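One-based numbering, in listed order, for ligands and for the atoms of each. Keep in mind that what you see is a predicted model, and the values were worked out from it rather than measured.
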Amino acid sequence: MKKIILIILLTTLAFSFLNASIYKGQRYFQKKCLSCHGKALKFVTEKSYNEWEEYLADDGDVMYEIHEDADEATDSMKYFQSSKYRRSMKHFRDFFLEYASDTGNIPACE
Ligand code: HEC
C-alpha cells in the first residue's frame with residue numbers, strides 16, 4: 001500500500017514539474033517571440049512534432065541560424081545571442097513539443 005502511494009506521489013510530482021516547464025516555455029514565447037510570430041496558439045500548433053524537433057535541434061542552433069539569416073528577424077538577434085535564450089531552450093522544447101499539431105493538445109489559456 002505504501003509503495004502505491006509513493007508511486008502516485010512521485011508521478012504527480014513529475015507531472016507538475018513538466019507542467020511548470022511547459023508553462024514557462026509559453027510565457028517566454030509570449031515575451032520574446034509573439035511580437036513577430038503572431039498568436040502563440042497558431043504558430044505553435046500548426047507545426048508537427050517532427051518539425052519542432054528539427055527547429056529545436058542542436059540546442060537551439062537551428063532556430064538561431066534561421067533568425068540570423070532572415071532580414072526581418074534582426075531585432076531578435078540580441079535575444080538569440082544571449083545566454084538567456086540557451087537557458088530557456090528546455091522550456092521552449094517542453095512547450096512546443098507538448099502542443100505540436102499532431103499531439104492534439106491545445107494550450108488552455110494565453
Ligand atoms: C524580430 C522578429 C522575430 C522574433 C522576435 C522571433 N522571430 Fe522567429 N522568425 C522571424 C523571421 C523573419 C523568420 C523567418 C521566416 C522565413 O524566413 O520564412 C522566423 C522564423 C522562425 C522559425 C522557422 C519556422 C517558421 O515558421 O518560419 C521558427 C521555429 C521561429 N522563428 C521561432 C521563433 C521563436 C521560438 C522565437 C522566440 C524565442 C522567435 N522566433 C522570435 C522573426 C522573428
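- Comparing Glu51, Gln30, Lys84, Lys32 against atom 5 (C) of ligand 1, the shortest heavy-atom distance belongs to Lys32.
- For atom 20 (C) of ligand 1, the closest non-hydrogen atom of the protein is Ile66 CG2, 3.5 Å.
- Around atom CG of Asn105, more than 12 heavy atoms belonging to other residues, nucleotides or ligands sit under 6.0 Å away.
- Close approach of ligand 1 to Cys36 (heavy-atom distance below 4.0 Å) involves ligand atoms 1 (C), 2 (C), 3 (C), 4 (C), 5 (C), 42 (C), 43 (C).
- Applying side-chain contact (heavy atoms from CB on, under 4.5 Å) to Ile7 and the options Ile4, Ile5, Thr11 leaves one that passes, Thr11.
- The Trp52 neighbourhood of ligand 1 comprises atoms 29 (C), with distances under 4.0 Å to a heavy atom of that residue.
- Each of the following atoms of ligand 1 lies closer than 4.0 Å to a heavy atom of Ala70: 12 (C), 14 (C).
- Phe29 and Phe96 have their aromatic ring centers within a separation under 6.0 angstrom.
- His67 and Phe80 have parallel rings, their planes meeting at less than 30° on a 0 to 90° scale where 60° marks the start of perpendicular.
- Protein non-hydrogen atoms do not reach within 4.0 Å of atom 27 (O) of ligand 1.
- Rounding to the nearest 0.5 Å gives a distance of 10.0 Å between SG of Cys36 and CZ of Phe43.
- The aromatic rings of Phe92 and Tyr85 sit tilted relative to each other, their planes meeting at an angle between 30° and 60°.
- Atoms of ligand 1 lying under 4.0 Å from at least one heavy atom of Asp75, given by number and element, are 1 (C).
- For atom 16 (C) of ligand 1, no protein heavy-atom neighbour is present inside the 4.0 Å cut-off.
- Polar contact with ligand 1: absent for Tyr55 (N/O pair, distance under 3.5 Å).
- The part of Phe80 lying near ligand 1 is the side chain, judged by heavy-atom distances below 4.0 Å.
- Among protein heavy atoms, atom 35 (C) of ligand 1 sits closest to Met63 CE, 3.5 Å.
- How far CD of Glu68 is from CD of Gln81: 7.5 Å, rounded to the nearest 0.5 Å.
- At the top of the distance list for atom 32 (C) of ligand 1, counting protein heavy atoms only, stands His67 CE1, 3.6 Å.
- Within His37, the N, O or S atom at minimum distance from atom 8 (Fe) of ligand 1 carries the name NE2.
- Checked against the 6.0 Å centroid criterion, the rings of Tyr49 and Trp52 do not qualify as a close aromatic pair.
- Proximity of the aromatic rings of Phe95 and Tyr28 is defined here by a centroid distance below 6.0 angstrom, and this criterion is not met.
- The backbone and the side chain of Cys33 each have at least one atom closer than 4.0 Å to an atom of ligand 1 (non-hydrogen atoms only).
- Given atom 42 (C) of ligand 1, the protein heavy atom at minimum distance is Ala73 CB, 3.6 Å.
- The closest approach between Tyr79 and ligand 1 falls below 4.0 Å for a heavy atom of the residue.
- Under the 4.0 Å distance rule, the nearest protein heavy atom to atom 9 (N) of ligand 1 falls inside the cut-off.
- Remark: ligand 1 and Thr74 share no N or O pair separated by less than 3.5 Å (distance only, no angle test).
- Under 4.0 angstrom from ligand 1, the non-hydrogen atoms of Phe43 all belong to its side chain.
- Within a 6.0 Å sphere centred on NZ of Lys24, other residues, nucleotides and ligands contribute 12 heavy atoms or fewer.
- Set against the non-hydrogen atoms of Phe96, the atoms of ligand 1 under 4.0 Å away are 35 (C).
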